[in-house]
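These notes concern the structure reproduced below.
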Amino acid sequence: MPFDRITGRVRGSVNMIDIERNVEWVEVSGRWSRMSVMGTSLSSEVLAVENQGEKDDRIIIFMIPGNPGNDGFYTDFGRRLIRNLIAREERLGHRRVNFLFYTLSHLNHVLLPPALRCSNTHKVNERFSLGDQVQHKLDFVKEYLPRGNRVFMFGHGAGAYMLLSILPYIKDDFNLRKAVCLFPTIERMTESPHGIRLKKVVSTLRQNDWLARTLSFWVDLMPESLKRRIISMKLTSDQTSPELVDSISELLHMHVFRNIVHLCNDELDKIGTLDETLLFHRNLIYFYYGKNDGWCPIEQGERMSERLTRGHVVLEKDNVEHSFVFRDAATMAEKVMQFIV
């Protein structure tokens with residue numbers, strides 16, 4: 001394989017590209033949130049919020065999670081995506097750029113560390129609504145997301161609804177090229193196959209919080225090492241990345257489980273007939289629908305393709321799952337490259 005004198009790598013050796021990952025808790029409007037960022041370099045200069053003018057070579061990719069909203073679920077996907085993008089740039093002979101992949105967990109979808117539980121504005125047992133999570137993403141983007149050379153934003157599942165909701169308030173603050181909705185749950189959730197099946201269950205758990213607490217209380221008592229061992233046994237060999245195992249384990253806490261249930265029920269209550277105002281900036285909006293998605297059936301994608309300009313709606317032909325981060329991270333890391341140009 002040919003050697004690239006500029007990058008010091010063998011061309012085509014995608015998996016040999018080192019990707020750094022930094023995870024930290026940041027305060028967003030008085031509430032603590034876990035954020036992760038990945039890239040080939042994470043120096044303070046690279047992560048600076050301000051635009052750096054003509055010398056700014058950063059391409060920012062921001063992912064809003066679905067539900068559950070744990071940033072760690074997107075680690076493997078983000079790492080593969082950055083490697084693919086770097087390999088493409090090298091293949092095309094483009095000048096070197098810095099790709100940064102940001103992800104933010106939903107409020108209380110990751111258990112607050114003990115040191116942060118003394119906050120008067122954010123309680124570990126607090127449950128947050130869909131509206132709370134939308135405002136949280138808007139506040140984070142305005143305060144922490146770098147104003148890079150180009151910015152691409154992605155929303156997965158319910159994260160697509162959050163992305164479209166904040167779009168009017170952020171589009172002028174960034175050189176935002178695309179707002180991409182992956183497997184978007186933005187309409188008729190109660191009519192979807194999964195919505196029909198789960199509506200009564202999550203409604204019962206939300207109305208009877210004691211039941212949600214009881215179901216998750218015993219799992220809380222289980223040692224973390226045992227949780228991880230059981231999870232690893234249930235995953236296939238190509239799924240057992242440390243970050244994925246950790247992220248699943250982090251869901252198994254009482255207050256996290258309560259928030260997942262609370263948000264799901266709120267989504268089912270509020271995401272009904274399509275809100276056309278979500279599509280106001282349709283020149284920026286792109287959709288990716290799955291062939292066999294239990295949350296947003298392909299028929300929704302077919303109707304959306306009639307609303308938007310050709311090329312703004314992709315109807316997936318493979319059998320990629322709605323929760324693609326588990327089995328199809330590599331596939332999706334290839335497919336979403338079409339949106340980052």
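Please read these numbers as outputs of a predicted model, since none were measured by experiment.
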List for me each residue that meets side chain to side chain contact (heavy atoms under 4.5 Å, CB included) alongside [X], sequence neighbours excluded, and say none if there are none.
| X | value |
| --- | --- |
| D246 | R228 |
| L252 | V219, K227, I231 |
| L315 | Y289, I298, E302, V313 |
| V261 | V202, L205, F257 |

*Who pairs with T185 by side-chain hydrogen bond (donor to acceptor under 3.5 Å, both in side chains), at least two apart in sequence or on another chain?*
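Testing T185 for side-chain hydrogen bond (donor to acceptor under 3.5 Å, both in side chains), a comparison that skips the adjacent residues, returns none.
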
*Listed partners of D269 passing side-chain hydrogen bond (donor to acceptor under 3.5 Å, both in side chains), at least two apart*: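 Testing D269 for side-chain hydrogen bond (donor to acceptor under 3.5 Å, both in side chains), a comparison that skips the adjacent residues, returns K199, R206, N265.
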
*asked:* Among residues at least two apart in sequence or on other chains, which ones pass salt bridge (Lys or Arg N to Asp or Glu O under 4.0 Å) with D57?
replied: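 For D57 there are no salt bridge (Lys or Arg N to Asp or Glu O under 4.0 Å) partners, ignoring immediate neighbours.
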
_Among F326, F154, F324, exactly one meets ring pair (Phe, Tyr, Trp, His ring centres under 6.0 Å) together with F77. Which residue is that?_
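Of all the options given, the one that passes is F324.
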
*asked:* Does either side chain, that of N70 or that of H109, offer a donor lying less than 3.5 Å from an acceptor on the other one?
replied: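 No, no side-chain donor-acceptor contact under 3.5 Å.
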
*Just checking, any donor-acceptor pair under 3.5 angstrom between side chains of S203 and Q207?*
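Short answer, yes.
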
_Of all pairs that satisfy side chain to side chain donor-acceptor pair (under 3.5 Å), the ones with a partner from residues 158-172, not counting sequence neighbours_ =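 Counting only pairs at least two positions apart or across chains, no side chain to side chain donor-acceptor pair (under 3.5 Å) contact touches residues 158-172.
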
*Got a sec, which residues hit ring-ring contact (aromatic ring centres under 6.0 Å, His included) with H312, two or more places apart in sequence or on another chain?*
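Testing H312 for ring-ring contact (aromatic ring centres under 6.0 Å, His included), a comparison that skips the adjacent residues, returns Y286.
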
*asked:* Applying a strict under-4.5 Å side-chain criterion to I, L, V, M, F, W and Y, I'd like to know whether V23 and L104 cluster together.
replied: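 Result: no, two separate clusters.
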
*Got a sec, which hydrophobics cluster with V49, joining ILVMFWY side chains under 4.5 Å apart, including via others?*
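Besides V49, the hydrophobic cluster comprises nothing; the residue is isolated.
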
*When Ile, Leu, Val, Met, Phe, Trp and Tyr are grouped by side-chain heavy atoms lying under 4.5 Å apart, directly or through other members, which residues fall in the same group as F128?*
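Reading the cluster by chain and number, F128 sits alongside L107.
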
_Considering only residues two or more places apart or on different chains, which pairs with a residue in residues 29-51 satisfy salt bridge (charged side-chain N to carboxylate O under 4.0 Å, His left out)?_
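Those involving residues 29-51 are R31-E126, R34-D71, R34-E250, E45-K55.
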
